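Just so it is clear, the structure is predicted and the values come from calculations on it, not from any experiment. Order of the sequence lines fixes the chain letters, A, B, ..., with proteins taken first and strands second; residue numbering starts at 1 for each chain.
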2 protein chains.
Amino acid sequence: MTPPKTASSRTEATRARLLEAARDVIRAKGYAATTVDDICAAAGVTKGAFFHHFPSKERLGLDAIEAFNDMASRLFAAPFAALPDPRDRLLGYLDVRIALLNREIPLFTCLLGTLVQEIHATHPALRDACEAGMASHIAALTRDIAAAKALHAPDAAWSAESLGYFMQSVLQGAFIFAKAKQDAAVVAESLTHLKLYLVSLFGAPAPETKDTPRP
Amino acid sequence: MTPPKTASSRTEATRARLLEAARDVIRAKGYAATTVDDICAAAGVTKGAFFHHFPSKERLGLDAIEAFNDMASRLFAAPFAALPDPRDRLLGYLDVRIALLNREIPLFTCLLGTLVQEIHATHPALRDACEAGMASHIAALTRDIAAAKALHAPDAAWSAESLGYFMQSVLQGAFIFAKAKQDAAVVAESLTHLKLYLVSLFGAPAPETKDTPRP
DNA sequence: CCAAACATACCAACCAGTTGGTATGAACCG
DNA sequence: CGGTTCATACCAACTGGTTGGTATGTTTGG
(Lines give C-alpha, C1' and ligand atoms only; values in the text may rest on other atoms or scores of the structure.)
Protein backbone atom coordinates (compact mmCIF):
# COMPACT_ATOMS: atom_id res chain seq x y z
CA MET A 1 0.00 0.00 0.00
CA THR A 2 2.59 2.54 1.12
CA PRO A 3 5.88 0.67 1.01
CA PRO A 4 8.35 3.53 0.64
CA LYS A 5 7.78 5.73 3.62
CA THR A 6 10.25 8.27 4.82
CA ALA A 7 10.59 8.97 8.48
CA SER A 8 8.91 12.33 8.29
CA SER A 9 5.91 11.10 6.33
CA ARG A 10 5.57 8.26 8.80
CA THR A 11 5.42 10.57 11.76
CA GLU A 12 2.95 12.81 9.99
CA ALA A 13 0.77 9.79 9.26
CA THR A 14 0.75 8.80 12.92
CA ARG A 15 -0.12 12.31 13.95
CA ALA A 16 -2.91 12.40 11.39
CA ARG A 17 -4.26 9.06 12.63
CA LEU A 18 -4.37 10.41 16.18
CA LEU A 19 -6.19 13.53 15.01
CA GLU A 20 -8.72 11.50 13.04
CA ALA A 21 -9.25 9.18 15.97
CA ALA A 22 -9.79 12.16 18.25
CA ARG A 23 -12.27 13.68 15.81
CA ASP A 24 -14.37 10.54 15.59
CA VAL A 25 -14.15 9.30 19.17
CA ILE A 26 -14.87 12.71 20.66
CA ARG A 27 -17.84 13.19 18.37
CA ALA A 28 -19.18 9.83 19.53
CA LYS A 29 -18.44 9.91 23.26
CA GLY A 30 -17.81 13.55 24.09
CA TYR A 31 -14.60 15.13 25.29
CA ALA A 32 -14.55 14.23 28.97
CA ALA A 33 -15.60 10.62 28.44
CA THR A 34 -12.95 10.12 25.76
CA THR A 35 -9.76 8.86 27.37
CA VAL A 36 -6.32 9.22 25.89
CA ASP A 37 -6.22 5.42 25.77
CA ASP A 38 -9.44 5.41 23.74
CA ILE A 39 -7.84 7.64 21.15
CA CYS A 40 -4.64 5.60 21.13
CA ALA A 41 -6.58 2.39 20.64
CA ALA A 42 -8.56 3.92 17.76
CA ALA A 43 -5.35 5.17 16.18
CA GLY A 44 -3.48 1.92 16.80
CA VAL A 45 -0.65 3.42 18.85
CA THR A 46 0.29 3.49 22.51
CA LYS A 47 0.19 6.27 25.01
CA GLY A 48 3.89 6.86 24.58
CA ALA A 49 3.35 7.78 20.96
CA PHE A 50 0.46 10.01 21.90
CA PHE A 51 2.46 12.12 24.31
CA HIS A 52 5.32 12.20 21.86
CA HIS A 53 3.08 14.04 19.40
CA PHE A 54 0.89 16.04 21.79
CA PRO A 55 1.87 17.51 25.14
CA SER A 56 -1.63 17.11 26.60
CA LYS A 57 -5.13 15.95 25.87
CA GLU A 58 -6.30 19.54 25.61
CA ARG A 59 -3.66 20.34 23.03
CA LEU A 60 -4.82 17.38 20.97
CA GLY A 61 -8.29 18.86 21.17
CA LEU A 62 -7.04 22.20 19.90
CA ASP A 63 -5.22 20.58 17.00
CA ALA A 64 -8.24 18.39 16.21
CA ILE A 65 -10.37 21.52 16.02
CA GLU A 66 -7.90 23.06 13.60
CA ALA A 67 -7.84 19.94 11.45
CA PHE A 68 -11.63 19.85 11.45
CA ASN A 69 -11.78 23.45 10.31
CA ASP A 70 -9.41 22.71 7.46
CA MET A 71 -11.55 19.78 6.38
CA ALA A 72 -14.70 21.89 6.54
CA SER A 73 -13.17 24.67 4.46
CA ARG A 74 -12.15 22.20 1.80
CA LEU A 75 -15.55 20.49 1.85
CA PHE A 76 -17.53 23.68 1.43
CA ALA A 77 -15.33 25.25 -1.19
CA ALA A 78 -17.55 23.00 -3.28
CA PRO A 79 -19.10 23.09 -6.75
CA PHE A 80 -22.00 25.32 -5.74
CA ALA A 81 -19.49 28.07 -5.04
CA ALA A 82 -19.44 28.73 -8.80
CA LEU A 83 -23.15 29.50 -9.09
CA PRO A 84 -23.72 33.10 -10.16
CA ASP A 85 -26.62 33.92 -7.83
CA PRO A 86 -25.56 33.98 -4.14
CA ARG A 87 -29.03 32.73 -3.18
CA ASP A 88 -28.41 29.60 -5.24
CA ARG A 89 -25.03 29.17 -3.55
CA LEU A 90 -26.76 29.18 -0.18
CA LEU A 91 -29.35 26.64 -1.29
CA GLY A 92 -26.57 24.56 -2.84
CA TYR A 93 -24.72 24.64 0.46
CA LEU A 94 -27.77 23.22 2.22
CA ASP A 95 -28.16 20.55 -0.46
CA VAL A 96 -24.58 19.47 0.15
CA ARG A 97 -25.24 19.26 3.87
CA ILE A 98 -28.32 17.15 3.22
CA ALA A 99 -26.34 14.88 0.93
CA LEU A 100 -23.81 14.25 3.70
CA LEU A 101 -26.41 12.69 6.00
CA ASN A 102 -26.12 9.15 4.60
CA ARG A 103 -23.52 8.20 7.20
CA GLU A 104 -23.18 7.20 10.80
CA ILE A 105 -24.09 9.95 13.23
CA PRO A 106 -20.54 10.58 14.48
CA LEU A 107 -19.47 11.13 10.88
CA PHE A 108 -21.77 13.93 9.78
CA THR A 109 -22.07 15.87 13.04
CA CYS A 110 -19.88 18.83 13.90
CA LEU A 111 -16.90 18.35 16.19
CA LEU A 112 -16.89 22.01 17.19
CA GLY A 113 -20.54 22.14 18.15
CA THR A 114 -20.27 18.91 20.10
CA LEU A 115 -17.17 20.10 21.90
CA VAL A 116 -18.18 23.63 22.73
CA GLN A 117 -21.50 22.59 24.18
CA GLU A 118 -19.74 20.30 26.61
CA ILE A 119 -16.64 22.25 27.59
CA HIS A 120 -17.65 25.90 27.20
CA ALA A 121 -17.40 26.58 30.93
CA THR A 122 -14.53 24.27 31.82
CA HIS A 123 -11.96 24.66 29.00
CA PRO A 124 -11.80 28.28 27.81
CA ALA A 125 -9.03 27.57 25.31
CA LEU A 126 -11.06 24.88 23.59
CA ARG A 127 -14.16 27.05 23.72
CA ASP A 128 -12.41 29.98 22.07
CA ALA A 129 -10.99 27.72 19.36
CA CYS A 130 -14.45 26.35 18.63
CA GLU A 131 -15.94 29.81 18.61
CA ALA A 132 -13.32 31.07 16.20
CA GLY A 133 -13.78 28.11 13.87
CA MET A 134 -17.55 28.40 13.78
CA ALA A 135 -17.36 32.18 13.38
CA SER A 136 -15.07 31.76 10.41
CA HIS A 137 -17.41 29.27 8.74
CA ILE A 138 -20.33 31.59 9.38
CA ALA A 139 -18.38 34.54 8.01
CA ALA A 140 -18.01 32.68 4.72
CA LEU A 141 -21.75 32.02 4.68
CA THR A 142 -22.44 35.61 5.62
CA ARG A 143 -20.68 36.88 2.52
CA ASP A 144 -23.12 34.98 0.30
CA ILE A 145 -26.02 36.02 2.50
CA ALA A 146 -25.08 39.68 2.25
CA ALA A 147 -24.82 39.39 -1.52
CA ALA A 148 -28.16 37.59 -1.75
CA LYS A 149 -29.75 40.17 0.48
CA ALA A 150 -28.47 43.06 -1.62
CA LEU A 151 -29.88 41.33 -4.67
CA HIS A 152 -33.20 39.95 -3.46
CA ALA A 153 -34.15 41.57 -0.13
CA PRO A 154 -32.27 44.86 0.16
CA ASP A 155 -34.73 46.41 2.63
CA ALA A 156 -35.03 43.53 5.08
CA ALA A 157 -34.56 44.42 8.74
CA TRP A 158 -32.35 41.49 9.75
CA SER A 159 -28.57 41.45 9.36
CA ALA A 160 -26.74 39.04 7.08
CA GLU A 161 -24.68 37.76 9.98
CA SER A 162 -27.74 36.97 12.09
CA LEU A 163 -29.06 34.83 9.27
CA GLY A 164 -25.72 33.02 9.11
CA TYR A 165 -25.98 32.17 12.79
CA PHE A 166 -29.58 31.16 12.30
CA MET A 167 -28.63 28.73 9.53
CA GLN A 168 -25.92 27.16 11.65
CA SER A 169 -28.20 27.01 14.67
CA VAL A 170 -30.66 24.95 12.68
CA LEU A 171 -27.87 22.56 11.73
CA GLN A 172 -26.41 22.26 15.20
CA GLY A 173 -29.80 21.86 16.82
CA ALA A 174 -30.90 19.27 14.29
CA PHE A 175 -27.76 17.27 15.07
CA ILE A 176 -28.87 17.12 18.70
CA PHE A 177 -32.19 15.60 17.68
CA ALA A 178 -30.46 13.18 15.34
CA LYS A 179 -28.41 11.98 18.29
CA ALA A 180 -31.46 11.75 20.52
CA LYS A 181 -33.51 9.81 17.96
CA GLN A 182 -30.54 7.97 16.47
CA ASP A 183 -31.86 8.97 13.09
CA ALA A 184 -30.66 11.59 10.63
CA ALA A 185 -34.05 12.10 8.97
CA VAL A 186 -34.90 14.90 11.38
CA VAL A 187 -31.87 16.84 10.12
CA ALA A 188 -33.01 16.61 6.51
CA GLU A 189 -36.49 17.80 7.43
CA SER A 190 -35.18 20.75 9.39
CA LEU A 191 -32.89 21.71 6.53
CA THR A 192 -35.88 21.56 4.23
CA HIS A 193 -37.66 24.07 6.45
CA LEU A 194 -34.53 26.19 6.40
CA LYS A 195 -34.53 26.15 2.60
CA LEU A 196 -38.18 27.18 2.66
CA TYR A 197 -37.26 30.11 4.87
CA LEU A 198 -34.48 31.17 2.53
CA VAL A 199 -36.89 30.96 -0.39
CA SER A 200 -39.35 33.11 1.53
CA LEU A 201 -36.61 35.69 2.02
CA PHE A 202 -34.87 35.58 -1.35
CA GLY A 203 -37.37 33.97 -3.71
CA ALA A 204 -37.17 30.58 -5.40
CA PRO A 205 -34.26 29.70 -7.66
CA ALA A 206 -34.66 28.93 -11.31
CA PRO A 207 -35.62 25.29 -11.98
CA GLU A 208 -32.73 22.88 -12.46
CA THR A 209 -33.60 22.04 -16.07
CA LYS A 210 -31.11 24.07 -18.04
CA ASP A 211 -33.10 23.73 -21.27
CA THR A 212 -35.78 26.18 -20.18
CA PRO A 213 -34.19 29.59 -20.46
CA ARG A 214 -36.26 32.45 -19.21
CA PRO A 215 -37.00 35.34 -21.58
CA MET B 1 -38.04 30.84 56.48
CA THR B 2 -39.32 27.30 56.90
CA PRO B 3 -39.04 26.59 60.64
CA PRO B 4 -41.63 23.87 61.03
CA LYS B 5 -40.39 21.10 58.84
CA THR B 6 -41.56 17.54 59.11
CA ALA B 7 -39.15 14.72 58.48
CA SER B 8 -40.64 13.84 55.14
CA SER B 9 -40.61 17.43 53.89
CA ARG B 10 -37.01 17.73 55.05
CA THR B 11 -35.90 14.69 53.13
CA GLU B 12 -37.86 15.84 50.11
CA ALA B 13 -36.12 19.19 50.33
CA THR B 14 -32.69 17.54 50.35
CA ARG B 15 -33.65 15.43 47.37
CA ALA B 16 -34.91 18.51 45.57
CA ARG B 17 -31.69 20.38 46.34
CA LEU B 18 -29.67 17.54 44.88
CA LEU B 19 -31.83 17.53 41.76
CA GLU B 20 -31.50 21.29 41.34
CA ALA B 21 -27.75 21.08 41.87
CA ALA B 22 -27.53 18.34 39.25
CA ARG B 23 -29.59 20.38 36.82
CA ASP B 24 -27.40 23.45 37.14
CA VAL B 25 -23.97 21.85 37.46
CA ILE B 26 -24.56 19.44 34.58
CA ARG B 27 -25.78 22.27 32.37
CA ALA B 28 -22.60 24.18 33.19
CA LYS B 29 -19.97 21.43 33.09
CA GLY B 30 -21.56 18.57 31.21
CA TYR B 31 -22.41 15.13 32.55
CA ALA B 32 -19.06 13.36 32.55
CA ALA B 33 -17.14 16.28 34.01
CA THR B 34 -19.68 16.70 36.80
CA THR B 35 -18.62 14.60 39.77
CA VAL B 36 -20.89 13.36 42.49
CA ASP B 37 -18.88 15.49 44.89
CA ASP B 38 -19.55 18.56 42.73
CA ILE B 39 -23.26 17.99 43.04
CA CYS B 40 -23.02 17.31 46.76
CA ALA B 41 -21.05 20.52 47.29
CA ALA B 42 -23.57 22.54 45.28
CA ALA B 43 -26.42 21.01 47.27
CA GLY B 44 -24.62 21.41 50.59
CA VAL B 45 -24.67 17.75 51.55
CA THR B 46 -22.16 14.93 51.67
CA LYS B 47 -21.80 11.85 49.56
CA GLY B 48 -23.56 9.78 52.18
CA ALA B 49 -26.71 11.83 51.70
CA PHE B 50 -26.37 11.57 47.95
CA PHE B 51 -26.28 7.79 47.88
CA HIS B 52 -29.03 7.67 50.43
CA HIS B 53 -31.32 9.36 47.92
CA PHE B 54 -29.96 8.02 44.62
CA PRO B 55 -28.47 4.60 43.97
CA SER B 56 -26.13 5.90 41.25
CA LYS B 57 -25.07 8.96 39.33
CA GLU B 58 -26.97 7.78 36.28
CA ARG B 59 -30.18 7.41 38.27
CA LEU B 60 -29.77 10.98 39.52
CA GLY B 61 -29.47 12.00 35.88
CA LEU B 62 -32.70 10.21 35.02
CA ASP B 63 -34.53 11.85 37.90
CA ALA B 64 -33.08 15.25 37.02
CA ILE B 65 -34.40 14.83 33.49
CA GLU B 66 -37.83 14.05 34.87
CA ALA B 67 -37.75 17.08 37.18
CA PHE B 68 -36.65 19.29 34.29
CA ASN B 69 -39.53 18.05 32.18
CA ASP B 70 -41.98 18.86 34.94
CA MET B 71 -40.57 22.37 35.27
CA ALA B 72 -40.75 22.89 31.50
CA SER B 73 -44.36 21.74 31.33
CA ARG B 74 -45.33 24.15 34.07
CA LEU B 75 -43.37 27.00 32.50
CA PHE B 76 -44.94 26.65 29.09
CA ALA B 77 -48.47 26.10 30.25
CA ALA B 78 -48.19 29.89 30.33
CA PRO B 79 -50.50 32.83 29.64
CA PHE B 80 -50.16 32.63 25.88
CA ALA B 81 -51.88 29.24 26.04
CA ALA B 82 -55.16 31.12 26.31
CA LEU B 83 -54.81 32.98 23.00
CA PRO B 84 -57.51 31.98 20.55
CA ASP B 85 -55.38 31.74 17.41
CA PRO B 86 -52.87 28.86 17.56
CA ARG B 87 -50.46 30.95 15.47
CA ASP B 88 -50.44 33.57 18.20
CA ARG B 89 -49.83 30.88 20.81
CA LEU B 90 -46.73 29.79 18.88
CA LEU B 91 -45.43 33.34 18.61
CA GLY B 92 -46.22 33.86 22.29
CA TYR B 93 -44.23 30.75 23.12
CA LEU B 94 -41.23 32.21 21.33
CA ASP B 95 -41.67 35.54 23.10
CA VAL B 96 -41.59 33.74 26.43
CA ARG B 97 -38.41 31.95 25.43
CA ILE B 98 -36.84 35.25 24.43
CA ALA B 99 -37.89 36.79 27.73
CA LEU B 100 -36.08 34.00 29.60
CA LEU B 101 -32.70 34.93 28.15
CA ASN B 102 -31.86 37.58 30.76
CA ARG B 103 -30.02 35.06 32.91
CA GLU B 104 -26.75 33.23 33.18
CA ILE B 105 -26.17 30.75 30.39
CA PRO B 106 -26.55 27.62 32.53
CA LEU B 107 -29.95 28.90 33.64
CA PHE B 108 -31.75 29.32 30.33
CA THR B 109 -30.25 26.43 28.38
CA CYS B 110 -31.85 23.01 28.11
CA LEU B 111 -30.64 20.20 30.34
CA LEU B 112 -31.96 17.56 27.96
CA GLY B 113 -30.26 18.97 24.89
CA THR B 114 -26.99 19.41 26.73
CA LEU B 115 -27.14 15.90 28.12
CA VAL B 116 -28.23 14.01 25.05
CA GLN B 117 -25.57 15.59 22.86
CA GLU B 118 -22.88 14.36 25.20
CA ILE B 119 -24.10 10.92 26.27
CA HIS B 120 -26.17 9.73 23.31
CA ALA B 121 -23.74 6.94 22.47
CA THR B 122 -22.55 6.04 25.96
CA HIS B 123 -25.66 6.09 28.19
CA PRO B 124 -28.68 4.71 26.31
CA ALA B 125 -30.99 5.05 29.30
CA LEU B 126 -30.24 8.75 29.66
CA ARG B 127 -30.50 9.23 25.92
CA ASP B 128 -33.92 7.62 25.77
CA ALA B 129 -35.14 9.71 28.69
CA CYS B 130 -33.96 12.89 26.97
CA GLU B 131 -35.52 11.83 23.70
CA ALA B 132 -38.86 11.12 25.38
CA GLY B 133 -38.84 14.44 27.22
CA MET B 134 -38.02 16.48 24.14
CA ALA B 135 -40.54 14.52 22.05
CA SER B 136 -43.24 15.27 24.59
CA HIS B 137 -42.46 18.99 24.57
CA ILE B 138 -42.48 18.96 20.78
CA ALA B 139 -45.76 17.07 20.74
CA ALA B 140 -47.34 19.88 22.72
CA LEU B 141 -45.96 22.41 20.22
CA THR B 142 -47.07 20.25 17.34
CA ARG B 143 -50.69 20.42 18.46
CA ASP B 144 -50.65 24.21 18.10
CA ILE B 145 -48.74 23.94 14.85
CA ALA B 146 -51.28 21.53 13.40
CA ALA B 147 -54.11 23.85 14.40
CA ALA B 148 -52.33 26.88 12.95
CA LYS B 149 -51.63 25.00 9.76
CA ALA B 150 -55.25 23.94 9.38
CA LEU B 151 -56.24 27.55 9.85
CA HIS B 152 -53.59 29.46 7.89
CA ALA B 153 -51.67 27.08 5.62
CA PRO B 154 -53.81 24.01 5.02
CA ASP B 155 -52.12 23.04 1.76
CA ALA B 156 -48.49 23.32 2.86
CA ALA B 157 -46.30 20.35 2.06
CA TRP B 158 -44.48 20.09 5.40
CA SER B 159 -45.80 18.20 8.41
CA ALA B 160 -46.71 19.90 11.67
CA GLU B 161 -44.30 17.67 13.58
CA SER B 162 -41.38 18.55 11.32
CA LEU B 163 -41.97 22.21 12.08
CA GLY B 164 -42.01 21.42 15.79
CA TYR B 165 -38.60 19.78 15.49
CA PHE B 166 -37.39 22.69 13.39
CA MET B 167 -38.41 25.18 16.07
CA GLN B 168 -36.65 23.22 18.78
CA SER B 169 -33.59 22.74 16.58
CA VAL B 170 -33.29 26.51 16.27
CA LEU B 171 -33.44 26.83 20.04
CA GLN B 172 -30.97 24.05 20.78
CA GLY B 173 -28.55 25.20 18.12
CA ALA B 174 -28.74 28.81 19.26
CA PHE B 175 -27.87 27.65 22.80
CA ILE B 176 -24.67 26.16 21.41
CA PHE B 177 -23.67 29.50 19.93
CA ALA B 178 -24.61 31.29 23.13
CA LYS B 179 -22.21 28.99 24.96
CA ALA B 180 -19.49 29.49 22.37
CA LYS B 181 -19.81 33.28 22.40
CA GLN B 182 -20.75 33.54 26.07
CA ASP B 183 -23.57 35.77 25.00
CA ALA B 184 -27.29 35.15 24.75
CA ALA B 185 -27.94 37.80 22.10
CA VAL B 186 -27.43 35.28 19.31
CA VAL B 187 -30.34 33.25 20.70
CA ALA B 188 -32.69 36.21 20.57
CA GLU B 189 -31.68 36.98 16.99
CA SER B 190 -32.20 33.40 15.87
CA LEU B 191 -35.60 33.31 17.55
CA THR B 192 -36.47 36.50 15.72
CA HIS B 193 -35.68 34.75 12.44
CA LEU B 194 -37.79 31.85 13.58
CA LYS B 195 -40.71 34.18 14.24
CA LEU B 196 -40.22 35.65 10.77
CA TYR B 197 -40.44 32.15 9.33
CA LEU B 198 -43.63 31.41 11.23
CA VAL B 199 -45.11 34.68 9.98
CA SER B 200 -44.14 33.72 6.44
CA LEU B 201 -45.99 30.43 6.92
CA PHE B 202 -49.03 31.56 8.90
CA GLY B 203 -49.24 35.31 8.33
CA ALA B 204 -48.67 38.10 10.83
CA PRO B 205 -50.78 38.36 13.98
CA ALA B 206 -53.04 41.29 14.67
CA PRO B 207 -51.18 44.23 16.21
CA GLU B 208 -51.08 44.36 20.01
CA THR B 209 -53.05 47.59 20.26
CA LYS B 210 -56.55 46.39 20.93
CA ASP B 211 -58.05 49.78 20.08
CA THR B 212 -57.44 49.40 16.35
CA PRO B 213 -60.05 46.93 15.16
CA ARG B 214 -59.72 45.95 11.56
CA PRO B 215 -62.69 46.43 9.24
C1' DC C 1 -35.81 3.94 71.49
C1' DC C 2 -35.95 3.11 66.75
C1' DA C 3 -35.74 4.00 62.04
C1' DA C 4 -34.80 7.19 58.62
C1' DA C 5 -31.50 10.84 57.29
C1' DC C 6 -27.22 12.16 56.99
C1' DA C 7 -21.86 12.21 57.84
C1' DT C 8 -17.10 10.21 57.76
C1' DA C 9 -13.73 7.17 56.28
C1' DC C 10 -12.47 4.31 53.01
C1' DC C 11 -11.69 1.38 48.60
C1' DA C 12 -10.93 -0.39 44.00
C1' DA C 13 -10.86 1.21 39.40
C1' DC C 14 -9.53 4.51 36.33
C1' DC C 15 -7.03 8.29 34.10
C1' DA C 16 -3.70 11.92 32.44
C1' DG C 17 0.74 12.21 32.31
C1' DT C 18 5.86 10.32 33.26
C1' DT C 19 9.78 7.40 32.94
C1' DG C 20 13.12 4.64 31.05
C1' DG C 21 14.04 2.10 27.39
C1' DT C 22 14.06 0.17 22.31
C1' DA C 23 13.73 0.32 17.19
C1' DT C 24 14.70 2.72 13.03
C1' DG C 25 16.56 5.40 9.73
C1' DA C 26 19.34 9.08 8.27
C1' DA C 27 23.79 11.47 8.42
C1' DC C 28 28.40 11.63 8.87
C1' DC C 29 33.05 9.79 8.68
C1' DG C 30 36.79 6.58 7.32
C1' DC D 1 30.84 1.64 0.63
C1' DG D 2 30.36 0.18 5.59
C1' DG D 3 30.20 1.14 10.14
C1' DT D 4 29.49 4.34 14.01
C1' DT D 5 26.62 8.10 15.81
C1' DC D 6 22.64 10.26 16.92
C1' DA D 7 18.01 11.99 16.89
C1' DT D 8 13.37 10.81 16.17
C1' DA D 9 9.42 7.69 16.73
C1' DC D 10 7.50 4.67 19.47
C1' DC D 11 6.53 1.30 23.37
C1' DA D 12 5.50 -0.91 28.16
C1' DA D 13 5.25 -0.16 32.83
C1' DC D 14 4.44 2.90 36.38
C1' DT D 15 2.53 6.98 39.42
C1' DG D 16 -0.12 10.32 41.82
C1' DG D 17 -4.40 11.90 42.02
C1' DT D 18 -9.35 11.43 41.12
C1' DT D 19 -13.95 9.12 40.94
C1' DG D 20 -18.12 6.37 41.66
C1' DG D 21 -19.53 3.72 45.08
C1' DT D 22 -19.49 1.34 49.98
C1' DA D 23 -19.18 0.41 54.91
C1' DT D 24 -19.78 2.12 59.12
C1' DG D 25 -20.76 5.44 62.26
C1' DT D 26 -23.74 9.49 64.26
C1' DT D 27 -27.61 12.56 64.54
C1' DT D 28 -32.49 13.64 64.49
C1' DG D 29 -37.36 13.45 64.61
C1' DG D 30 -41.34 11.00 66.22
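What separates CZ of A:Phe54 from P of D:dC10 is a distance of 11 Å, to the nearest Å. Following rounding to the nearest Å, B:Arg15 (CZ) and C:dC6 (C1') show an atom-to-atom distance of 16 Å. The interatomic distance linking B:Arg17 (CZ) with C:dC6 (P) rounds to 8 Å, in whole Å. One can place CZ of B:Phe50 at 8 Å from P of D:dG21, the figure rounded to the nearest angstrom.
Listed pair A:His52 / D:dC11 fails the phosphate criterion, with no side-chain N or O lying under 4.0 Å from OP1 or OP2. When the side-chain nitrogen and oxygen atoms of B:Thr11 are compared with OP1 and OP2 of C:dC6, one or more of them lie within a distance under 4.0 Å. Phosphate proximity of C:dC6 to B:Thr46: absent, as no side-chain N or O sits under 4.0 Å from OP1 or OP2. Between D:dC10 and A:His53, a contact under 4.0 Å exists linking OP1 or OP2 to a side-chain N or O.
In this structure A:Lys47 satisfies the side chain to side chain donor-acceptor pair (under 3.5 Å) test together with A:Asp37, sequence neighbours excluded. In this structure, the side chain to side chain donor-acceptor pair (under 3.5 Å) partners of B:Thr114, at least two apart in sequence or on a different chain, are B:Lys179. Residues satisfying the salt bridge (charged side-chain N to carboxylate O under 4.0 Å, His left out) test with A:Arg89, not counting sequence neighbours, are A:Asp144.
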Please produce a list of atom pairs where a protein N or O lies less than 3.5 Å from an N or O of nucleotides 17-20 of chain D.
unit_1, atom_1, unit_2, atom_2, d
D:dG20, OP1, B:Lys57, NZ, 3.3
D:dG20, OP2, B:Val36, N, 2.9
D:dG20, N7, B:Lys47, NZ, 3.1

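Interatomic distance, CG of B:Leu194 versus CG of B:Leu94, reported as 5.0 Å (0.5 Å rounding).
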For residues 101-112 of chain B, dump all side-chain donor-acceptor pairs below 3.5 Å to protein atoms at least two apart in sequence or in another chain.
unit_1, atom_1, unit_2, atom_2, d
B:Thr109, OG1, B:Ile105, O, 3.1

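Within the structure, ring-ring contact (aromatic ring centres under 6.0 Å, His included) pairs that include any residue of residues 82-102 of chain B comprise B:Phe76-B:Tyr93, B:Tyr93-B:His137 (at least two apart or interchain).
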